[in-house]
There are 2 protein chains.
Amino acid sequence: MTERPDRVDQLIATWRSELPTALTQTSELSKRVMVLAADLDAASRRVFDELGLTATEFDVLAALRRSGKPYRLRSNELSKSLLLSTGGTSNVINRLVARRLAERDADPGDGRSTRISLTPDGVALAEKALIANSRAHESVFAPVPARYVQAATGALRDVFTATDTRP
Amino acid sequence: MTERPDRVDQLIATWRSELPTALTQTSELSKRVMVLAADLDAASRRVFDELGLTATEFDVLAALRRSGKPYRLRSNELSKSLLLSTGGTSNVINRLVARRLAERDADPGDGRSTRISLTPDGVALAEKALIANSRAHESVFAPVPARYVQAATGALRDVFTATDTRP
DNA sequence: CCTCGATAGCTTTCCGGAAAGCTTTCGCCT
DNA sequence: AGGCGAAAGCTTTCCGGAAAGCTATCGAGG
């Protein structure tokens, strides 16, 4: 055991005494990632609540904004890239359209398909949400020295690199 | 840019060209953590689906198992430690009780309170789920050299250490 | 000893995304 | 040119946890 145990060390120690077979070589890394992600997610949710967005609505706005002008994607592209069901995606789009944050129109190249694009209000809200979310995540790391942030970023990049398509 | 860009590098590069103000010093770390957590979560969901459990049911079973014999906690303790609403917690407990995985009884020390404990079947399923989940997470890291896992674990520990109560 | 604000947690309603089911369209193959 | 399996996405139903609302109990303070 190194240094002063933190909450993940305490969790691992509890499992080691309660159910050692539940631990593997990568359990600590898994747990640290999941705990950190939960903290980041909680910070995100505070931002989304203030903006009146669900996490999925945010994801859709962000995906459209990231696609560049004219901020338009097919429904199918949104479902696949955001790992959503087609029905769920349609309902999220319905809500964004109702709030005039997005528009839906037919795809001239495929009669089955629809294209979703951001309205000017949608672009503005997407940008506001993205910046606010980034700031919220930055706040989570505020107490962490920059060299620790850089080291962790590099170490995780190595983890990603070792798995070509997925970690 | 180092080495061969991975999917997070591509995301960051896209944002740098689309909306640079949405990036901070910690954006890459945030994104790597969230992407990795999503992969781990997907692996978990496959395990939970096979066992007929929701993620929250799993969390409750795990929390009770982790508490050690007699695997009993108050409802309040479950809600707080798992960041659930009291209503939601009660409903999850209802389902576990209906499947005879948990039992609910009155707290002799506080008439308002109830105590939740695992049945023998609940203990068995909790252990099975915990081990399977650990294995699933281990599989996500299978392609990663042990030294990268250890480096990433250490680097994240430093991140945790820098924030006393939360990262 | 009594009052009352706070706590505990349950029931019921609400809501958002999953999923079932369906229609329309596409494109390959004969 | 027509048939048919697959694709696209919509509507509707389902489900699980959040949250509103409520009752019972606790414990501090007068």
Side-chain angles (χ1 to χ4, degrees), chain A residues 38 41-42 44-64 72-99 101-117 129, chain B residues 38 41-42 44-64 72-99 101-117 129:
Chain A
D41 190 66
S44 292
R45 284 187 194 284
R46 286 192 284 277
V47 166
F48 301 156
D49 281 349
E50 283 178 23
L51 296 171
L53 290 171
T54 68
T56 311
E57 287 166 347
F58 170 80
D59 286 342
V60 170
L61 292 177
L64 289 166
R72 169 189 297 147
L73 291 169
R74 296 208 313 279
S75 187
N76 184 344
E77 290 171 317
L78 285 169
S79 300
K80 287 180 174 175
S81 65
L82 301 178
L83 304 179
L84 293 170
S85 66
T86 58
T89 303
S90 197
N91 287 329
V92 173
I93 292 167
N94 285 345
R95 291 204 306 278
L96 294 175
V97 167
R99 290 164 61 190
L101 298 170
E103 290 167 345
R104 206 197 231 110
D105 67 287
D107 184 341
D110 190 330
R112 297 167 293 182
S113 201
T114 52
R115 300 183 312 186
I116 317 305
S117 47
Chain B
D41 190 66
S44 292
R45 284 187 194 285
R46 286 192 286 274
V47 166
F48 301 156
D49 281 349
E50 281 177 25
L51 296 172
L53 291 170
T54 68
T56 311
E57 287 166 347
F58 169 81
D59 286 343
V60 169
L61 292 177
L64 289 165
R72 172 192 292 148
L73 290 169
R74 296 208 315 279
S75 187
N76 183 347
E77 290 171 316
L78 284 170
S79 299
K80 288 181 173 174
S81 67
L82 300 178
L83 305 178
L84 293 170
S85 65
T86 59
T89 303
S90 197
N91 286 331
V92 173
I93 293 167
N94 285 345
R95 292 203 306 276
L96 293 175
V97 167
R99 290 164 61 191
L101 298 169
E103 290 170 345
R104 207 196 232 112
D105 66 286
D107 184 342
D110 189 331
R112 299 166 293 183
S113 200
T114 52
R115 301 184 309 186
I116 317 307
S117 48

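Every chain is numbered from 1, with letters handed out A, B, ... down the list of sequences. These numbers were taken from a predicted model, which means no experiment stands behind them. All values below were derived from every heavy atom in this structure, side-chain atoms included, with hydrogens, water molecules and symmetry-related copies excluded.
Rounding to whole angstrom units, CZ of residue A:Arg74 and P of D:dA7 are separated by 13 Å. Distance, A:Leu73 CG to D:dA8 P: 14 Å, rounded to whole Å. The nearest whole Å value for the distance from the CG atom in A:Leu82 to the P atom in C:dA18 is 10 Å. Taking atom CZ on B:Phe48 and atom P on D:dG16, their separation rounds to 15 Å, with Å as the unit. The CD-P distance, from B:Glu77 to C:dA8, rounds to 10 Å in whole Å. Atom CG of B:Leu96 and atom P of D:dG16 are 11 Å apart (whole Å). Atom CZ in A:Arg45 sits about 13 Å away from atom P in C:dG16, given to the nearest Å. Between the CG atom of B:Leu53 and the P atom of D:dG17 there is a distance of 11 Å, rounded to whole Å.
Residues forming a salt bridge (charged side-chain N to carboxylate O under 4.0 Å, His left out) with B:Arg46 (at least two apart in sequence, or on another chain): none. Here B:Ile93 pairs with B:Ser75, B:Leu78, B:Thr89, B:Val97, B:Arg104, B:Ile116 under the side chain to side chain contact (heavy atoms under 4.5 Å, CB included) rule; sequence neighbours left out. Partners of B:Glu50 according to the side chain to side chain contact (heavy atoms under 4.5 Å, CB included) rule, which considers only residues two or more places apart in sequence or in another chain, do not exist here. Remark: B:Thr54 engages B:Thr56, B:Glu57, B:Arg95 in a side chain to side chain contact (heavy atoms under 4.5 Å, CB included) (not counting sequence neighbours). Not a single side chain to side chain donor-acceptor pair (under 3.5 Å) links A:Asp107 to another residue, sequence neighbours left out. Under the side chain to side chain contact (heavy atoms under 4.5 Å, CB included) criterion, B:Ala98 pairs with no residue at all, not counting sequence neighbours. Every side chain to side chain donor-acceptor pair (under 3.5 Å) that B:Ser113 has, sequence neighbours left out, goes to B:Arg74.
Both B:Gly111 and B:Leu84 lie near DNA chain D, and the one whose nearest nucleotide falls closer to the 5' end is B:Leu84. Summary of the strand contacts: A:Ser85 and A:Pro108 both lie near DNA chain C, and taking for each the nucleotide with the nearest heavy atom, the more 5' one is attributed to A:Ser85.
Each end of the helix from C:dC1-D:dG30 to C:dT30-D:dA1 gets its own rotation axis from five pairs of C1' atoms, and the angle between them is 10° to the nearest 10 degrees.
Sorted by residue number, the members of residues 54-64 of chain A with any non-hydrogen atom under 4.0 Å from DNA chain C read A:Thr54, A:Thr56.
Every pair passing salt bridge (charged side-chain N to carboxylate O under 4.0 Å, His left out) that includes a residue from residues 108-117 of chain B is listed here, sequence neighbours excluded: B:Asp105-B:Arg115, B:Asp110-B:Arg112. Sorted by first then second residue, the ring-ring contact (aromatic ring centres under 6.0 Å, His included) pairs that include residues 45-64 of chain B, not counting sequence neighbours, are B:Phe48-B:Phe58.
Checked against B:Asn94 for a side chain to side chain contact (heavy atoms under 4.5 Å, CB included), the options B:Asn91, B:Val92, B:Leu96 give a single hit: B:Asn91.
An OP1 or OP2 oxygen of D:dC15 is reached within less than 4.0 angstrom by no side-chain nitrogen or oxygen of B:Arg95. OP1 or OP2 of D:dG9 lies within a sub-4.0 Å distance of a side-chain N or O belonging to A:Ser113.
Judged by distance alone, with hydrogens and angles left aside, A:Arg112 brings no side-chain donor or acceptor close enough to the base of C:dT24 to form a pair under 3.5 Å.
B:Asp110 comes within 4.0 angstrom of the backbone, heavy atoms only, and of no base.
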Nucleotide N/O of nucleotides 10-13 of chain C paired with protein N/O under 3.5 Å:
residue	atom	partner	partner atom	Å
C:dC10	OP1	B:Arg104	NE	3.0
C:dC10	OP1	B:Thr114	OG1	3.0
C:dC10	OP2	B:Ser90	OG	2.5
C:dC10	OP2	B:Arg104	NH2	3.1
C:dC10	O5'	B:Ser90	OG	3.3
C:dC10	N4	B:Thr86	OG1	3.3
C:dT12	O4	B:Asn91	ND2	3.1

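Rounded to the nearest 0.5 Å, atoms CG (B:Leu84) and OG (B:Ser90) are 11.5 Å apart.
Residues B:Arg45 and B:Asp49 are not paired through a salt bridge, judged by the lack of any N-O separation under 4.0 Å between the basic side chain and the carboxylate.
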